[in-house]
Amino acid sequence: MNIDARYQNALDILEAGAGMARSWFDDAHFRVERKNDGTPVTEADRNVEQYLRDELSKRFPEDGLLGEEFAEVEGTSGGRWIMDPIDGTKSFIHGVPLYSTLLAYESAQGLEFGAIALPSLGRLVYAQSGRGCFDGQGRQLTTSERREVHGAYVMSTWLEDWPLELINRLQNQDGVIRTWGDGFGYALVAAGQADAMLDFTVSPFDVAPMPVIMGEAGGVFTNFDGVESIHSGVGVAAATPELRDAVLREIAQTTRSSTSTLME
């Protein structure tokens with residue numbers, strides 16, 4: 001087995017939840033509401049997350065639960081499951097099949113397991129710390145070997161919060177920017193089909209699987225300070241530490257340039 005039985009059980013739960021998400025997507029009849037922050041939420045988001053919570057609680061009653069749609073549940077084990085039932089709700093609402101269902105496990109020692117299910121694409125990416133990164137057919141995944149921005153495919157969930165100068169700086173180095181975002185973009189990087197993923201706005205449940213997945217695929221996931229964290233509100237995944245450092249240098253240079261302009 002590529003993962004422990006414990007995480008295989010969790011993966012089974014995730015895949016069942018992802019199947020529910022696809023059923024909602026294919027049916028395309030669901031209510032859409034707005035949360036307090038203005039972002040959309042559907043019946044499917046809540047339905048799938050409730051299923052994940054119920055099943056994880058049955059299998060792992062001592063663990064805590066953290067998800068996007070409901071309040072956090074404290075556990076007694078010191079660990080918790082972090083989930084996003086439909087990562088890419090806007091895509092989901094508009095009938096775009098690039099949404100995903102995410103699950104990760106965080107112990108007192110850190111993140112140990114992460115998985116990205118892409119229900120409408122029939123794809124799965126998962127990893128356990130120290131065991132490697134794999135797809136749904138059990139094939140081991142590795143990132144590309146890209147070390148510089150030149151020629152790199154850089155993904156993002158959206159560009160609305162990107163400084164225009166950063167876009168120009170990457171493109172001037174022949175970097176290719178694509179908004180194949182959310183969990184799908186990170187899955188592409190893990191599989192070596194893209195080279196980096198950069199998000200200026202994320203929540204922990206958006207990126208909880210990524211440190212384990214990227215690390216086990218041979219890449220890195222950090223915040224803009226180069227520290228592995230899912231709690232910084234930003235995230236960058238890259239095929240290699242060298243490419244990550246190159247992207248962070250461009251972000252830092254953009255920030256310095258913006259600060260200098262404001263002070264003039």
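Scope of the values below: all heavy atoms of this structure, side chains included, with no hydrogens, waters or symmetry mates.
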Check: D225 side chain, V227 main-chain N or O, donor-acceptor pair, under 3.5 Å | no
In terms of hydrophobic clusters joined by side-chain contacts under 4.5 Å, are L98 and V202 together?
-> yes
Going only through I, L, V, M, F, W and Y residues with side-chain contacts under 4.5 Å, is there a path from L198 to L243?
-> yes
Same apolar cluster (I L V M F W Y, side chains within < 4.5 Å links), V247/Y153 | no
Residues which pass ring-ring contact (aromatic ring centres under 6.0 Å, His included) with Y99, listed by chain and number, not counting sequence neighbours = F25, F92
Test side chain to side chain contact (heavy atoms under 4.5 Å, CB included) applied to T254 and I167, L170, L166, the passing residue = L166
Can you name the closest pair of heavy atoms from Q128 and N2 and give their distance?
-> OE1-O, 4.5 Å
Donor-acceptor pair, side chain of S77 and main chain of E62, under 3.5 angstrom = yes
Can M197 be reached from F205 by stepping across I, L, V, M, F, W or Y side chains whose heavy atoms are under 4.5 Å apart?
-> yes
Using a 3.5 Å cut-off and no angle test, enumerate the donor-acceptor pairs between side-chain atoms of residues 102-119 and protein atoms at least two apart in sequence or in another chain.
residue	atom	partner	partner atom	Å
Y105	OH	R6	NH2	3.3
Y105	OH	D63	OD1	3.4
E106	OE1	R80	NE	2.9
E106	OE1	R80	NH2	3.1
S107	OG	Q109	N	3.1
S107	OG	Q109	OE1	3.4
S107	OG	G110	O	3.2
S107	OG	E112	OE2	2.6
E112	OE1	Y7	OH	2.8

Joint hydrophobic cluster, F184 plus L141, side-chain heavy atoms closer than 4.5 Å | yes
Tell me, do R34 and P40 make a side-chain contact under 4.5 Å, heavy atoms counted?
-> yes
Do other residues, nucleotides or ligands put more than 12 heavy atoms under 6.0 Å from N36 CG?
-> no
Could you pull out every donor-acceptor pair under 3.5 Å between side chains of residues 51-59 and any protein atom, sequence neighbours left out?
residue	atom	partner	partner atom	Å
R53	NE	E49	OE2	2.9
R53	NH1	A71	O	3.1
R53	NH2	E49	OE2	3.1
R53	NH2	F70	O	3.0
R53	NH2	A71	O	3.2
D54	OD1	Q50	NE2	2.9
E55	OE2	K58	NZ	3.3
S57	OG	R53	O	2.8

Taking all heavy atoms of I213 and all of A190, pick out the closest pair and write down the distance.
-> CG2-CB, 3.7 Å
Can you tell if the side chain of R147 reaches within under 4.5 Å of the side chain of T240, non-hydrogen atoms only?
-> yes
Applying ring-ring contact (aromatic ring centres under 6.0 Å, His included) to F60 and not counting sequence neighbours gives W81
In terms of side-chain geometry, is the basic nitrogen of E69 or K35 positioned less than 4.0 Å from the acidic oxygen of its partner?
-> yes
Go through the structure and list residues passing side chain to side chain contact (heavy atoms under 4.5 Å, CB included) with E33, not counting sequence neighbours.
-> R31, V41, R46
Flag the pair V154 / V176 as yes when at least one side-chain heavy-atom distance between them is below 4.5 Å, and no otherwise.
-> no
Minimal non-hydrogen separation, P211 against I230, with atom names = CG-CG2, 3.7 Å
Considering non-hydrogen atoms only, spot the tightest contact between M210 and G183 and give its length.
-> CE-CA, 4.3 Å
With a 4.5 Å heavy-atom cut-off, do Q173 and E148 have their side chains touching?
-> no
Sidechain N-carboxylate O distance under 4.0 Å for D4, R131 = yes
Donor-acceptor contact below 3.5 Å, side chain D199 vs main chain T157 | yes
Flag yes if more than 12 heavy atoms outside E145 fall under 6.0 Å of its CD atom; otherwise flag no.
-> no
Does any non-hydrogen side-chain atom of P163 lie less than 4.5 Å from one of F200?
-> yes
Applying side-chain hydrogen bond (donor to acceptor under 3.5 Å, both in side chains) to D195 and not counting sequence neighbours gives S144
Does any N or O in the side chain of S229 come within less than 3.5 Å of the main-chain N or O of H231, such that one atom is a donor and the other an acceptor?
-> yes
Could you please spell out the steps behind the side chain to side chain donor-acceptor pair (under 3.5 Å) verdict for Q253 and E165?
-> CA-CA 9 Å; Q253 184 61 42; E165 182 182 343; 5.6 Å; no
List the atom of D182, the atom of S91, and the distance in Å for their closest heavy-atom pair.
-> OD2-OG, 4.4 Å
Compare all side-chain heavy atoms of P204 with those of V207 and state whether any distance is below 4.5 angstrom.
-> no
If you look at every heavy atom in G132 and Q140, which pair is closest and at what distance?
-> CA-NE2, 4.0 Å
